[in-house]
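There's a structure below that I have some questions on.
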Amino acid sequence: MERLPVEVIGNILSGLGAARDIVIASATCRKWREAYRKHLHTLSFNSVDWPSYRDLTTSKLEILITQTIFQTKGLQGLSILMDDVDEFSASTVLAWLLYTRETLRQLCYNVRTNPSINILETCSKQKLEVIELAHNTISGVEPNFQRFPCLKSLSLCYVSVSALDLNLLLSACPKIELLELINPEIAVSDTTVELSSRTLKSIFVEAISLEKLILEADSLEILHLKDSSLEDFELIGKGTLKHVKIDDVSIIHLYIGDTIESLEVVDISNFTIFWPEFCDMISKSTMLRKLRLWDVLFDDENETVDLETSYACYPRLPHSCADLETLAVCFPKLHHLSLSYDLRDGSLLNSLQGSSCLPNVTVLELGWTVITDLFSDWVEGLLKRCPNLKVLVIHGVISDAKSQDECRSLANFTSSMVRLMRSHMHVEVKFEFE
């Protein structure tokens with residue numbers, strides 16, 4: 001260890017991350033203390049990592065953090081996450097940021113101060129590439145003065161911000177590629193949020209409630225919406241979208257662009273789909289490789305779609321669920337298919353109409369919410385349509401209080417699966433139950 005260069009020791013200490021572990025390790029010898037002072041890159045104060053932080057008074061904790069930070073030079077990553085700690089003095093926190101801001105590349109900040117401080121004003125025009133803010137307020141954004149020329153990733157969690165300031169903040173980041181909005185506190189009067197970025201490649205939105213969200217992003221590749229309520233969502237782009245994931249979201253009108261030929265992954269769960277309209281929207285995605293429709297409700301009451309046109313484009317298109325004929329025709333490169341419906345009538349088997357196969361599907365995931373005798377027939381029909389299948393994964397939900405019909409259906413399904421596995425020895429079968 002004595003032969004290690006002091007720069008290498010600094011990298012080792014930086015890998016520890018947690019400030020307490022770094023301080024203890026640096027006490028090993030003089031050389032390690034020197035590495036801590038001159039070559040430490042990353043420092044993290046997290047009340048979860050060390051519960052004893054909560055036992056200290058606020059003033060003692062401020063002194064401890066101040067002493068630790070001020071012994072370093074050239075910090076590139078600083079994380080201060082104090083969820084369970086009382087408010088810090090604004091002047092103390094401001095001193096930490098002023099001391100480190102010229103060299104910082106990454107800032108994770110979740111500290112309540114009294115009075116509050118303007119993080120954007122303090123850290124703007126620096127070299128920051130990653131910012132993660134939580135439980136803070138953003139107001140009065142001035143893009144001409146509060147610019148982040150190097151910022152590539154921005155995460156806002158439980159942050160109070162107006163729709164206007166949010167868009168201005170995005171425009172102040174000319175190189176931003178990733179944006180996360182988790183439960184933002186947007187004013188009730190701001191029912192519409194419009195965001196625009198030429199460089200944004202990935203956006204994750206969770207726990208947001210709006211009438212309308214409009215996103216103009218010419219380079220967007222990944223769109224992930226979760227646990228949100230939106231009347232309208234509109235994406236305006238240039239056809240770069242590759243990955244769409246929608247999980248437990250209420251959307252009345254969904255529009256993800258006219259040119260989505262580059263779309264490779266569609267993952268929809270806990271969602272209501274107007275299947276003809278949705279299929280018409282993604283039908284040109286001939287590059288689609290993975291399709292997941294999980295716990296999806298198919299609504300056939302939508303009359304905004306020209307049904308005659310839909311049937312002409314998609315032979316034998318049922319309104320109750322996604323049919324294999326449509327999938328085979330529209331998505332010839334599909335290799336991973338995941339389907340789980342809560343259907344208890346013959347409409348489940350309607351999805352097997354037609355004769356087209358899915359020759360490129362090698363992974364098939366199927367699931368149920370309530371097991372019925374129809375499920376076994378559906379699985380068997382799907383296996384016949386996937387001649388090159390390699391992996392079959394069955395997902396099931398087993399309730400504690402099983403009814404007599406459910407027990408009988410489960411027994412019939414088990415017998416059916418034994419028979420199917422004997423006739424499909426080349427397929428690896430896995431079972432996952434909840």
Side-chain angles (χ1 to χ4, degrees), residues 130 132 151-157 161 163 166-167 169-171 173 175-184 186 192-275 277-296 322 330-331 333-334 336-338:
V130 177
E132 297 179 10
L151 195 69
K152 295 183 179 180
S153 176
L154 175 64
S155 176
L156 304 178
C157 181
V161 61
L166 184 57
N167 194 34
L169 176 57
L170 204 59
S171 65
C173 308
K175 293 184 179 180
I176 190 168
E177 296 181 359
L178 186 150
L179 174 65
E180 290 185 348
L181 298 175
I182 302 174
N183 202 359
I186 298 176
T192 298
V193 172
E194 297 184 31
L195 303 176
S196 177
S197 173
R198 294 182 178 180
T199 59
L200 193 65
K201 293 183 178 180
S202 175
I203 184 170
F204 172 67
V205 177
E206 180 179 0
I208 192 172
S209 180
L210 294 168
E211 285 187 7
K212 194 168 188 178
L213 176 58
I214 301 175
L215 176 62
E216 186 175 354
D218 291 339
S219 303
L220 194 70
E221 296 180 359
I222 301 175
L223 170 66
H224 187 178
L225 306 177
K226 182 179 180 181
D227 297 336
S228 297
S229 177
L230 301 166
E231 289 189 15
D232 292 89
F233 177 83
E234 182 177 352
L235 171 63
I236 302 172
K238 293 186 176 180
T240 58
L241 193 62
K242 294 182 179 181
H243 190 145
V244 173
K245 185 172 184 178
I246 302 176
D247 182 10
D248 197 11
V249 178
S250 173
I251 299 179
I252 297 178
H253 301 291
L254 173 66
Y255 176 75
I256 56 175
D258 290 324
T259 54
I260 52 175
E261 289 87 353
S262 301
L263 201 60
E264 296 179 1
V265 177
V266 173
D267 187 338
I268 310 292
S269 58
N270 301 297
F271 190 66
T272 298
I273 287 181
F274 301 117
W275 175 247
E277 181 180 353
F278 180 78
C279 192
D280 182 61
M281 183 168 53
I282 68 170
S283 62
K284 297 178 181 179
S285 307
T286 55
M287 300 297 292
L288 195 70
R289 300 180 183 278
K290 181 176 181 179
L291 175 63
R292 183 174 184 264
L293 302 175
W294 211 259
D295 292 337
V296 169
C330 295
F331 315 121
K333 295 187 178 182
L334 196 66
H336 190 144
L337 178 61
S338 302

Item to check | Side chain to side chain, D232 and I252, heavy atoms closer than 4.5 Å | outcome: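 No. Closest side-chain heavy atoms not under 4.5 Å.
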Next on the checklist: If you define the side chain from C-beta out and look only at heavy atoms, does anything of S197 sit under 4.5 Å from I176?
Outcome noted: yes
Checklist entry - Quick one: does L235's side chain get under 4.5 Å of L220's, heavy atoms only? => result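 A side-chain contact exists here, since the closest heavy-atom pair is under 4.5 Å.
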Next on the checklist: Do I260 and V244 have side chains that approach each other closer than 4.5 Å (heavy atoms only, starting at C-beta)?
Outcome noted: no
Checklist entry - So do L200 and L195 actually touch side chain to side chain, heavy atoms under 4.5 Å? => result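 L195 vs L200: side chains apart.
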Checklist entry - What is the minimum heavy-atom distance between S228 and A207, and which atoms define it? => result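 So the two residues come closest at OG-N, 3.2 Å.
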Next on the checklist: Using every non-hydrogen atom in the two residues, find where C173 and L151 come nearest and quote the distance to one decimal.
Outcome noted: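 Looking at all heavy atoms of both residues, the shortest contact is SG-CD2, 3.6 Å.
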Checklist entry - Between CG of L288 and CG of L337, what distance do you get to the nearest 0.5 Å? => result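 The distance works out to 9.5 Å.
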Next on the checklist: Can you list everything that forms a side chain to side chain contact (heavy atoms under 4.5 Å, CB included) with S153? Sequence neighbours excluded, please.
Outcome noted: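 S153 satisfies side chain to side chain contact (heavy atoms under 4.5 Å, CB included) with V130, L178 once adjacent residues are dropped.
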Under 3.5 Å donor-acceptor pairs involving side-chain atoms of residues 208-215, not counting sequence neighbours:
none

Checklist entry - If you measure from CG on L241 to CG on L263, what distance do you get to the nearest 0.5 Å? => result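 Between L241 CG and L263 CG, I get 5.5 Å after rounding to 0.5 Å.
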Checklist entry - With no hydrogens and no angle check, is any side-chain donor or acceptor of T199 less than 3.5 Å from a backbone partner on E177? => result no
Item to check | Nearest non-hydrogen partners of I186 and A163, listed with the distance | outcome: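 That would be CG2-N, 4.3 Å.
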Item to check | E264 CD: over 12 foreign heavy atoms closer than 6.0 Å | outcome: yes
Item to check | Distance-minimising heavy-atom pair for F331 and I282 | outcome: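 Taking every non-hydrogen atom into account, CE2-O, 3.3 Å.
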Checklist outcome for this item: By salt bridge (charged side-chain N to carboxylate O under 4.0 Å, His left out), R289 pairs with (sequence neighbours left out) none
Next on the checklist: Please find the pair of heavy atoms, one from R292 and one from D267, that lie closest to each other, and give the distance.
Outcome noted: NH1-OD1, 3.0 Å
Next on the checklist: According to salt bridge (charged side-chain N to carboxylate O under 4.0 Å, His left out), who are the partners of D227, at least two apart in sequence or on a separate chain?
Outcome noted: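 Counting only residues at least two positions away or on another chain, D227 forms no salt bridge (charged side-chain N to carboxylate O under 4.0 Å, His left out).
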Item to check | Pairwise distance CG(L291) to OG(S338) - rounded to 0.5 angstrom | outcome: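 Here the interatomic distance stands at 8.0 Å.
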Item to check | Distance-minimising heavy-atom pair for N167 and E194 | outcome: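 Where N167 meets E194 most closely, the heavy atoms are CG-O, 3.1 Å.
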Item to check | Beyond-backbone contact of S196 with L170, side-chain heavy atoms, under 4.5 angstrom | outcome: no
Item to check | Flag, side chain of S262 to backbone of G239, donor-acceptor distance under 3.5 Å | outcome: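 The answer is yes, because a donor-acceptor pair under 3.5 Å joins these two groups.
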Item to check | Close side-chain approach of E261 to M287, heavy-atom, < 4.5 Å | outcome: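 Not touching, per the 4.5 Å side-chain cut-off.
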Checklist outcome for this item: Applying side chain to side chain contact (heavy atoms under 4.5 Å, CB included) to F204 and not counting sequence neighbours gives E180, I182, E206, H224, K226
Checklist outcome for this item: Rounding to 0.5 Å, atoms OG (S250) and CD (E231) come to a distance of 8.5 Å
Item to check | Stepwise side-chain contact (heavy atoms from CB on, under 4.5 Å) check, L223 with F233 | outcome: CA-CA 11 Å; L223 170 66; F233 177 83; 3.7 Å; yes
Item to check | Residue of the set D248, D247, I203, I251 for which side-chain contact (heavy atoms from CB on, under 4.5 Å) holds with L225 | outcome: I251
Checklist entry - So do V205 and V249 actually touch side chain to side chain, heavy atoms under 4.5 Å? => result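 Of all side-chain heavy-atom pairs linking V205 with V249, none is under 4.5 Å.
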Checklist entry - Which residues pass the side-chain hydrogen bond (donor to acceptor under 3.5 Å, both in side chains) test with S202, sequence neighbours left out? => result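 Counting only residues at least two positions away or on another chain, S202 forms no side-chain hydrogen bond (donor to acceptor under 3.5 Å, both in side chains).
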